[in-house]
*Asks:* 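I'd like to ask some things about the structure below.
Note that the structure is a prediction, hence the values are computed from the model and not measured.
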Number of protein chains: 2
Amino acid sequence: MAPAPFPVAVGGANVAERAQLPPSLAISTVIFALKPAPDGRPTLWVPLVRRVREPYRGSWALPGGPLTASESLEDAARRNLAETTGLDPAYLEQLYAFGGLRRANRPDIGSQRVVSIVYWALVRAHETEFGGELGEERDNVAWHPAEPSHGGPAELAFDHREIVDYALWRLRNKIEYAQVAYHVLGEMFTLAQLREVHEAVLGRSLDPANFRRQLKGTADLEATEHYLEGGRHRPPRLYRYTGPRGL
Amino acid sequence: MAPAPFPVAVGGANVAERAQLPPSLAISTVIFALKPAPDGRPTLWVPLVRRVREPYRGSWALPGGPLTASESLEDAARRNLAETTGLDPAYLEQLYAFGGLRRANRPDIGSQRVVSIVYWALVRAHETEFGGELGEERDNVAWHPAEPSHGGPAELAFDHREIVDYALWRLRNKIEYAQVAYHVLGEMFTLAQLREVHEAVLGRSLDPANFRRQLKGTADLEATEHYLEGGRHRPPRLYRYTGPRGL
DNA sequence: CCAAAAGTGTTCCATTTACACCCATGA
DNA sequence: TCATGGGTGTAAATGGAACACTTTTGG
């Protein structure tokens, strides 16, 4: 496994100025969904919020907000995500707590220090139509490719570009040994669909034959008696994930 | 890799009572050192602080304290560790942010919610003599085996037992692919010494021949022209770690 | 010379990888 | 019947585990 690209370099931030108030706590989320990139192939997208205040006014930032007194960290992440994007991911995991002093430069809230606890998730494609009263192009929320190489913004507000990159690294590592990909699919799915998820996340193509065997050997995967009809060729068998859903 | 034993179950904490003040931030540390267990073989120990107030008065807890406004998360962890134990580990890494509502039951600070960001480290054995004016049996700080199966306390204050277990899991996973073990050793060391560190952390013996080859293939390891004299048998060659030290 | 640890070589085995091949269906 | 993706078989390559064997020192 390659070394983590980001947090190892986080702690070294130097004291730039003395903040006065005690640090406040905020929650941010990096939500990945699979959507077709400009080039047509499915890739990873993230919802971003356009900032309407300084600093970084006009830049895109991760959805987030304060932590209230009566909710757990994960509850806060869920609530915040629902408020800003209408999403409710089945799988949500803590990524990292970012608290370098460099992040403190926020005139809009005085000189108060902000420590962000970041969560990440992978959601189904059909969840990406912002739910409830929120439309796709609603307000200042929009989906963007997660990586600049696929058309995503090269710069984000604060240190959010680095946070997204670190979340990407975690997702790619985790999908190789954990049951992450199933949360993108419905109740039943073909192995080709599951493979497409892995390929999109990892950014490379996988051998269908070997992919089949590796999964059948390990994961909680159950072959159903149903087949996906309507395709142009031989109908593939549908499978069901039998392991733990959600948390 | 086996699934993480702890944080996957953290988010599900339910709302037990409504806290009133905004959550406060604290830093805790899990510092591992290698010392001989009661049975004589080297195992992992952690410094613990005996609580002098309710709740959990008299129980052992992880060293920790509040986060001040002018320091980064890692700086706060270092400062706190130095204050309570006199230690200054070369390698320090963030473990997890714990913020379940179950942790909030602390009459000593009113009903305020506490979110703990926990760091972990592995330090050299000679660092474990509490430095500065602090002696080994000083005040309410003492070393304990990290695992109950090696004589450590089965119960700790708050959720600290689970936190130590999770840190152990992280350490054992990380030592297999990252350069963690070198921080326990001095400038030069024999392969047998390095292997002893791995064996103590993993809790099982390793084949000397295979261990040698695996490390020579991957890690930043440099053979010196020095040999460790004075042993009872053939003097082993000394090696030097050439990868990144500290952070 | 003997014991014991350092260090090397070799075999065995499981997993991964590459790819040839057959199967089943829609058009 | 043909094109295409679904699905199976198989052999080479890889990497780890087990262990025999040689080397080098102190006693």
*Asks:* Whole angstrom is fine here: how far is it from CG in A/L238 over to P in D/dG6?
*Replies:*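 Rounded to the whole Å, the gap is 12 Å.
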*Asks:* When we call it a touch if two heavy atoms are under 4.0 Å apart, what does B/R237 touch: a base, just sugar-phosphate, or nothing?
*Replies:*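 Sugar-phosphate contact only - B/R237 comes under 4.0 Å of backbone atoms but never of a base.
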*Asks:* Between atom CD in B/E196 and atom P in C/dA6, what is the gap in whole Å?
*Replies:*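 To the nearest whole Å, that distance equals 9 Å.
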*Asks:* What is the nucleic acid contact for A/A192, judged by heavy atoms within less than 4.0 Å: base, sugar-phosphate only, or nothing?
*Replies:*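 The residue A/A192 makes sugar-phosphate contact but no base contact.
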*Asks:* So A/Y91 and A/W120, would you call those rings parallel, tilted or perpendicular, with 30° and 60° as cut-offs?
*Replies:*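 Judged by the thresholds at 30° and 60°, the geometry between A/Y91 and A/W120 is perpendicular.
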*Asks:* Five pairs per end, C1' atoms only: what is the angle between the end axes of the helix from C/dC1-D/dG27 to C/dA27-D/dT1, to 10 degrees?
*Replies:*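 Between the first-five-pair axis and the last-five-pair axis there is 10°.
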*Asks:* Provide, to the nearest angstrom, the distance between the CZ atom belonging to A/R212 and the C1' atom belonging to D/dT8.
*Replies:*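 After rounding, the reported distance stands at 9 Å.
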*Asks:* Between B/L228 (CG) and C/dA6 (P), how many Å, whole number?
*Replies:*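 Result: 9 Å.
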*Asks:* Considering heavy-atom distances to DNA chain D, does A/R213 or B/P235 have its closest nucleotide positioned more toward the 5' end?
*Replies:*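 Its nearest nucleotide being more 5', the pick is A/R213.
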*Asks:* Take A/G230 and B/A209, find for each the nucleotide of DNA chain C with the closest heavy atom, and name the residue whose nucleotide sits nearer the 5' end.
*Replies:*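 Nearest-nucleotide comparison on DNA chain C picks B/A209.
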*Asks:* Taking atom P of D/dA20 as reference, at what distance in whole Å does atom CG of B/N210 sit?
*Replies:*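 One finds 13 Å between P of D/dA20 and CG of B/N210, rounded.
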*Asks:* Would you say the side-chain atoms of B/Y227 and B/E229 include a donor-acceptor pair closer than 3.5 Å?
*Replies:*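 Result is no, nothing qualifies.
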*Asks:* Strictly by modelled atom types, are B/R170 and B/N173 linked by a side-chain donor-acceptor pair under 3.5 Å?
*Replies:*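 On atom types as modelled, these side chains do not qualify, holding no pair under 3.5 Å.
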*Asks:* Would you call A/E176-A/R172 a salt bridge at under 4.0 Å N-O?
*Replies:*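 So A/E176 does not pair with A/R172 through a salt bridge.
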*Asks:* Side chain of B/Q214 only, heavy atoms from C-beta on: which candidate in D/dT10, D/dT24, D/dA17 is closest?
*Replies:*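 Among D/dT10, D/dT24, D/dA17, the one nearest the side chain of B/Q214 is D/dA17.
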*Asks:* Regarding A/Y96 and A/Q94, do their side chains bring together a donor and an acceptor under 3.5 Å, going by distance alone?
*Replies:*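 No, because no side-chain N or O of A/Y96 sits under 3.5 Å from a partner of the opposite role on A/Q94.
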*Asks:* Should the pair A/E187-A/R240 be classified as a salt bridge under the 4.0 Å nitrogen-to-oxygen rule?
*Replies:*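 So A/E187 pairs with A/R240 through a salt bridge.
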*Asks:* Look at the side chain of B/R234 and the base of C/dA5, then say whether one donor and one acceptor between them are separated by less than 3.5 Å.
*Replies:*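 A donor-acceptor contact between them is absent.
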*Asks:* Choosing from D/dG9, D/dT24, D/dG5, which nucleotide comes nearest the side chain of A/H233?
*Replies:*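 Nearest to the side-chain atoms of A/H233, counting from C-beta on, is D/dG5.
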*Asks:* Grab the CZ-P distance between A/R195 and D/dG7 for me, whole Å please.
*Replies:*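 After rounding, the reported distance stands at 11 Å.
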*Asks:* Please find out if less than 6.0 Å separates the ring center of B/F98 from that of B/F158.
*Replies:*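 No, the ring centres sit 6.0 Å or more apart.
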*Asks:* Figure out the OH/P separation between B/Y227 and C/dA6, and round it to whole Å.
*Replies:*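 After rounding, the gap between these two atoms is 13 Å.
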*Asks:* CG of A/D207 versus P of D/dG5: gap in Å, rounded?
*Replies:*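 Taking CG of A/D207 and P of D/dG5, I get 15 Å after rounding.
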